[in-house]
Amino acid sequence: MSSLSLTSRWSFQLVLIVTHIVGLLFFLKGFFPSKVVLPGFNEFSDESSPFAANWRGAPQFDKFIVMVVDAMRSDFCYSKERSHMTFLHGLINDGNAIPFTAFSNPPTVTLPRLKGITTGGTPNFLDAILNIADDNDNSQGLFNQDSWIHQYSKLGKKINFFGDDTWLKLFPDQFGETEGTNSFFVSDFTEVDNNVTRHLDVQLDPAKSEWDGLILHYLGLDHIGHKGGPDSVFMKSKQQEMDTILKRLYSYAQDSEKTGENVIIVLMGDHGMNEIGNHGASSAGETNAALSFISPKFSHKGSPAAPLDDKNDYSYYSFVNQIDLVPTLAGLLNFPIPKNSLGVIIPEFLELWKKDDQKKKIVKENCKQLMNLFKAKHSETEHSSIWQQWNKLEDKAVDSTIEEHYKFLLSVQELLATAATNYNYEDIYLGFGLVVFSTLAVLIVYNYYFFTNSTVYLGLPIFFELFTIAYSIHFHGSSLIEEEHQIWWLFTILSCIFLGVTYFQVNREATLYWILLSVGLRTLRAWNNSGQKYSSKYTIASYLLNQYPSILWLLIVVTYIGTAIITYIQGGIVDSFSLFNDRKNGGSADFQQAGNLFAFMSIFISSSISLSFKLCQYFNDGHKIPQWINWLFVWILRSYGVDLKYSINDAAFKFKVQDINIQMARLSNYAILGLLVSRAVLGKIRKVRSGLITDVVNIASLFLLQQTKYENIPIFLVLFLIKFSFTKLVISTQSHGINIDQLIIATTIFTICVQNLSFFSFGNTNSLATVDLSNAYNGVKSYDVFLVGLLTFVSNFAAPIYWSLSSFQIILEPSRIILDTSLQIKDLVNFQFLRKSILLVKTMASLLFYSISATNLVGSCINLRFHLFIWTVFSPKLLFFASWSILMNFLVDLVIAFVILFIFY
Amino acid sequence: MARGKGGRKSVSFQPNESAGNSDSGEITNGDGEHTEHQATVSGVKPNVPSLTFPIIPVQNLLIVYYMFYSGLTENIADTLFSGLWTIIITQISSGSLILYASKKKTKKAQDSTNVPLLLAGSTAIALFLSIPLFIVVILFGAPLAEHLKETFLLSVHLSFLIFYPLLVLFKFDLQAFAHNFQVDNMYSLIFNHSVLASSFMTIVGTWIGVIPIPLDWDRPWQQWPITLLVGGYLGSVVGGLVSLIF
């Protein structure tokens with residue numbers, strides 16, 4: 001019995017939650033600060049340019065074409081097995097193209113990479129988040145930062161740009177003619193590139209167009225990677241398309257040469273992709289992008305004949321840093337090296353300048369520029385070896401060689417690239433303080449509650465605390481974070497055993513449910529790869545997707561039917577839809593049946609539309625629809641007046657299917673939303689309260705199915721099974737009455753375990769590379785931050801959301817799950833006064849989990865802030881944790897639960 | 001808790017949505033009734049054949065060492081298989097030791113016990129039990145698509161470490177064995193008896209043994225299922241030693 005009233009306990013609880021979240025946000029703000037950059041624009045260190053090609057000061061090249069192919073990994077250009085770019089191979093073999101593998105600094109996402117490619121700086125981790133989250137604001141513009149775009153425009157040259165509109169956000173008003181395409185609409189492979197290529201007719205016609213620089217950014221290859229991985233069926237044709245474009249550009253360059261204009265073409269990827277086609281992290285596939293300099297002027301001999309044999313580490317030809325592009329372009333086009341560039345002029349190009357004297361001057365210019373940057377960041381007392389080398393190079397008496405200059409350049413580059421961050425310690429410690437405060441407070445509240453108020457068996461709450469502490473220790477080890485799914489497997493089994501020993505009854509009747517539960521959990525684990533160390537080909541998802549698509553679709557159809565049946569029979573939909581049926585007076589059988597029919601029709605229609613959408617999406621992503629269900633797809637197309645054509649490469653057809661896809665997704669969303677709203681409203685009007693939580697869970701599952709990758713949809717069958725067996729076990733403890741606190745803690749332990757276990761079993765990891773964007777655009781025609789963000793969250797956290805909602809069902813309406821109407825009267829949901837305190841205890845327990853974890857994670861990040869893995873392992877984990885804590889724990893566990901329990905009811 | 005009080009406090013399961021306010025809800029929530037413990041309050045006597053001297057399977061350390069020596073990290077399946085003969089033979093001899101240690105107490109059984117049959121039968125049953133154990137190991141997370149052979153051999157090893165001594169000790173008397181699960185202080189019973197403690201700690205040791213696998217040390221002994229095997233073997237010795245302290 002509490003001495004405090006429920007209201008004051010609730011307010012205290014809310015204060016703690018807010019403190020926790022505010023603390024976390026402050027920490028993030030201090031931990032990911034904006035980078036300090038040198039303001040202003042660079043000028044040559046001497047009056048005259050060291051880069052001039054002749055005594056008149058003319059540049060080596062008069063025009064440039066930069067062709068960025070998003071996610072163009074090195075092997076797509078150079079490898080025998082993966083590359084289909086035959087024209088490029090020919091150029092390499094003729095010496096007209098100089099090929100490189102370029103290291104792109106993580107995070108390997110487009111926006112930070114573009115900043116790197118243009119300014120030559122190393123990216124800020126925050127750029128990676130802004131790339132996904134903050135598309136509407138223009139604050140990331142680079143108009144105050146030096147870049148080769150700026151330097152080149154300053155010479156009075158005109159640059160035209162076509163492609164990914166991220167460039168336009170970075171450089172508003174700096175281009176001549178432009179057209180932007182959106183990089184977020186990943187299911188479109190063809191239109192997005194045709195929108196770029198169609199400009200070439202005008203741009204490559206000297207009579208119609210005048211420019212000095214042309215930038216093209218193609219997104220199709222990246223989209224193919226996201227959807228189908230590097231071995232997608234579309235990859236070959238896309239590479240050939242890119243090759244054809246290169247051929248057009250090259251013939252333009254040849255024509256220009258005849259009129260005395262030298263054109264340099266740069267073909268490059270902004271980053272690569274990993275084995276499954278995603279990017280963002282720092283694996284070899286993601287960081288090794290292709291980079292080729294192409295011009296008829298080159299006659300570079302000595303490159304091995306392209307294509308080369310396939311290599312596992314993706315390193316083909318010489319290895320350079322992607323940011324080396326910046327000083328190299330400065331040299332070739334004759335403008336000062338941008339101020340914040342960490343790049344080093346690529347040595348192969350020095351050959352273009354004939355005199356040794358000038359070569360040295362060029363390298364010297366690079367040294368001076370880098371040293372200015374170095375001086376701004378480090379005092380003379382730090383890194384004495386760099387200063388020594390520099391003084392030696394500056395010494396006129398010593399005749400330093402070009403090699404010595406390069407050695408110096410590379411060591412400065414490495415030093416500056418690794419130590420590019422400044423933390424904002426005030427925010428960090430303020431955030432940490434708030435997080436620790438809320439943790440201590442919630443620990444006190446939690447222990448006080450259970451040790452004084454309750455008749456609960458203390459083993460459970462103590463186990464939960466120990467469990468949380470043991471879990472949170474893993475934040476101090478980078479490989480434990482990478483392999484977190486293993487921890488959750490261990491903890492889930494451990495918790496089940498603990499609950500079995502202390503809470504559940506172990507008897508013969510329960511054995512069946514124990515077996516079902518463990519089979520369910522084991523199946524969950526086998527469904528996908530997770531973690532970053534091992535990846536196995538033998539997962540259920542890959543079997544279904546690659547080898548047995550027919551069975552996959554059978555299971556998907558079964559899952560949809562199952563969800564529809566459960567929705568129909570478990571909750572109170574039929575009751576609330578039986579409009580004219582007065583239950584008290586017996587009612588007329590006809591009206592009763594009308595209600596049944598109405599409920600059945602609405603559920604059937606929503607789930608059918610949702611299933612049809614998934615089928616359409618499956619086709620749209622380049623899979624072949626299994627024969628036995630093809631009739632449905634043909635029927636969908638017919639109903640939109642489109643005939644099925646079997647070539648997915650038919651652009652017009654594909655565009656139509658895409659359009660249908662969007663319409664279907666919208667229709668389905670409206671149907672599901674309509675079902676939910678009519679259940680809530682009709683239920684309210686007709687006072688059908690019982691079964692409401694169950695209905696929300698079931699209707700929400702329908703939406704979650706739609707937001708899930710098709711190979712993961714059947715997992716929901718497993719989740720149903722696990723929930724069913726767990727509830728059976730819970731019910732079996734309640735034959736003599738319910739100890740509510742015990743029930744809440746047991747359910748919370750189980751929910752947290754199974755939430756995380758299923759999160760990782762859906763193929764997620766703690767790396768940004770596995771964030772699934774393939775369902776983030778369902779029904780979205782043009783990019784919308786809020787909508788796409790919401791859909792991304794739902795599609796990645798589908799299972800945790802399912803379990804969060806289900807936990808209330810397990811506590812409040814267990815009889816609905818196990819379909820035992822005789823127990824319905826005992827459901828806690830019938831006791832309205834209990835709801836507030838149940839939600840309070842549950843919120844308290846989950847805040848205990850999240851706040852102890854936050855304390856350890858934040859502490860670990862502060863402790864390891866200079867660690868090698870801070871940007872590759874800990875920072876992504878921080879972002880994931882922030883999503884768990886703010887979006888899952890606060891938004892779903894608390895706000896949505898509040899809406900269901902107190903507003904819908 | 002008094003029964004009457006409990007009955008009153010127990011949620012009276014009537015759908016009475018209008019009744020009660022938040023404060024009375026507080027009472028029910030904080031002081032919910034609690035009866036399931038009443039059923040188990042009864043003095044169940046343990047039924048475990050006691051030993052005249054503790055049996056600590058120290059030889060298991062040697063077996064692990066021997067398996068590493070004969071190339072466990074290079075050739076897992078073959079070494080596990082050849083190590084199987086060693087563990088079976090040592091378990092049979094330690095089984096006869098168990099029989100010898102428990103002889104004096106159970107005079108009746110002494111006459112009727114056919115020692116060779118008991119030892120041989122236990123071997124057969126332990127071999128058979130490795131199949132359900134294999135399924136349990138898989139359910140608890142062992143890889144399913146790969147390493148099946150190794151996992152199975154692991155479960156045979158574990159079956160001999162866990163079940164064999166129990167089979168010999170209880171002389172196939174399943175009821176006597178199951179009876180002990182209802183004893184109130186089950187854990188003190190386990191840790192007071194060297195054979196029970198050894199079997200129990202083998203399970204715990206195997207469990208703990210899984211932890212090093214995902215760490216990024218990339219050592220050959222981190223391969224599946226070496227750490228589990230070592231954990232189980234060490235656990236059996238630790239269990240015996242712990243029983244000395246209790």
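We name chains A, B, ... by the order of the sequence lines, and we start the count at 1 in each one.
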Quiz item: Take atom CD in Gln547(A); do more than 12 heavy atoms of anything else shown fall under 6.0 Å from it?
Solution: yes
Quiz prompt | Those residues of residues 492-500 of chain A, ordered by number, that approach chain B below 4.5 Å (heavy atom to heavy atom) | solution = Ile493(A), Leu494(A), Ile497(A)
Practice problem: Let me know if Val210(B) has heavy atoms under 4.5 Å from chain A in its side chain, its backbone, both or neither. | Solution: side chain
Practice problem: Give, for atom CG of Leu139(B) and atom CZ of Arg525(A), the distance between the pair rounded to the nearest 0.5 Å. | Solution: 12.0 Å
Self-check item: Phe128(B) atom CZ, over 12 foreign heavy atoms within 6.0 Å
Solution: no
Practice problem: Please name the pair of heavy atoms, one in Trp489(A) and one in Phe140(B), separated by the smallest distance, quoted to 0.1 Å. | Solution: NE1-O, 2.7 Å
Quiz item: Which members of residues 220-242 of chain B, sorted by number, sit under 4.5 angstrom from chain A on a heavy-atom basis?
Solution: none
Quiz item: Non-hydrogen atoms of chain B under 4.5 Å away: do they reach the side chain of Leu480(A), the backbone, both or neither?
Solution: side chain
Quiz item: Looking only at heavy atoms, what is the nearest atom pair of Tyr538(A) and Ala145(B), with distance?
Solution: CB-CB, 3.1 Å
Quiz item: For chain A, which of Ile211(B), Ile213(B), Ile138(B) has the most heavy-atom pairs under 4.5 Å?
Solution: Ile138(B)
